[in-house]
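Keep in mind it's a predicted model, so treat the numbers as computed, not measured. The figures that follow rest on heavy atoms only: side chains count, while hydrogens, waters and symmetry mates do not.
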Amino acid sequence: MTSATVEPAPSPKVVKKLEKELAKEEKIEASRVKDLLDDLAKTEKAHAKAVKAVHKAGSALAKAEKKEVKAVEAANKATHEHDIAVANRRNAEQDEQLKKRQDAKLVQDIEEKKVKAEVALRDQETHNKTREAKLAELKVTDTQPAPDANLE
């Protein structure tokens with residue numbers, strides 16, 4: 001026969017002490033598990049908050065990008081309008097210079113024509129005097145009888 005070793009039953013004091021230790025371990029472990037679960041809940045809550053913040057930041061980024069695009073378009077439009085204004089100004093300056101040259105040419109033409117007109121007026125006056133003198137001479141000779149006319 002084999003003999004089985006049976007351990008003697010522990011004393012009630014030892015059992016009570018062991019129960020106390022086990023209860024204490026259970027309480028510590030429960031507290032540790034509760035702390036871990038609380039920490040997990042806090043972390044999950046922080047994660048949910050972070051997800052919302054990421055979404056909000058993404059929306060703000062999209063809005064800022066849209067605003068930037070509009071600003072770039074406005075800047076391009078303003079640049080285009082400025083380029084047009086510069087070109088119009090340049091054309092106006094060239095037109096003004098052309099008009100000034102045309103005006104200077106007309107002033108020169110006027111001066112030349114005034115000189116020609118003065119010369120023509122002097123010549124006309126001289127010719128008129130010459131014609132008047134010839135007419136006067138003809139009239140004087142008409143009023144005087146011709147030497148042959150008295151012989152009749």
Evaluate whether atom [atom1] of [X] has more than 12 neighbouring non-hydrogen atoms of other residues, nucleotides or ligands under 6.0 angstrom away.
{"X": "Arg89", "atom1": "CZ", "answer": "no"}
{"X": "Glu26", "atom1": "CD", "answer": "no"}
{"X": "Gln97", "atom1": "CD", "answer": "yes"}

Could you grab the distance from atom [atom1] of [X] to atom [atom2] of [Y], nearest 0.5 Å is fine?
{"X": "Arg101", "Y": "Glu96", "atom1": "CZ", "atom2": "CD", "value": "10.5 Å"}
{"X": "Gln102", "Y": "Lys99", "atom1": "CD", "atom2": "NZ", "value": "5.0 Å"}
{"X": "Arg32", "Y": "Glu25", "atom1": "CZ", "atom2": "CD", "value": "9.5 Å"}
{"X": "Gln108", "Y": "Leu106", "atom1": "CD", "atom2": "CG", "value": "10.0 Å"}
{"X": "Leu37", "Y": "Glu44", "atom1": "CG", "atom2": "CD", "value": "9.5 Å"}
{"X": "Lys116", "Y": "Asp109", "atom1": "NZ", "atom2": "CG", "value": "9.0 Å"}

- Query: In terms of side-chain geometry, is the basic nitrogen of Lys114 or Glu118 positioned less than 4.0 Å from the acidic oxygen of its partner?
  - Reply: no

- Task: For the pair Asp38 and Lys42, find out whether any cationic side-chain nitrogen is under 4.0 Å from an anionic carboxylate oxygen.
- Result: no

- Item | Main-chain N/O of His55 paired with Ser59 side-chain donor or acceptor, under 3.5 Å | yes

- Message: Donor-acceptor pair, distance only, cut-off 3.5 Å: does the side chain of His80 make one with the backbone of Asn76?
- Response: no

When you compare the side chain of [Y] with that of [X], does any pair of heavy atoms fall below 4.5 Å?
{"X": "Thr43", "Y": "His47", "answer": "no"}
{"X": "Asp103", "Y": "Lys100", "answer": "no"}
{"X": "Glu112", "Y": "Val115", "answer": "no"}
{"X": "Val119", "Y": "Arg122", "answer": "yes"}

- Task: Name all residues meeting the side-chain contact (heavy atoms from CB on, under 4.5 Å) criterion together with Gln94; count only those two or more places apart in sequence or in a different chain, and write none if there are none.
- Result: Arg90, Asn91

- Task: Looking only at non-hydrogen atoms, find the nearest pair between Arg131 and Gln124 and report the distance.
- Result: NH2-O, 4.3 Å

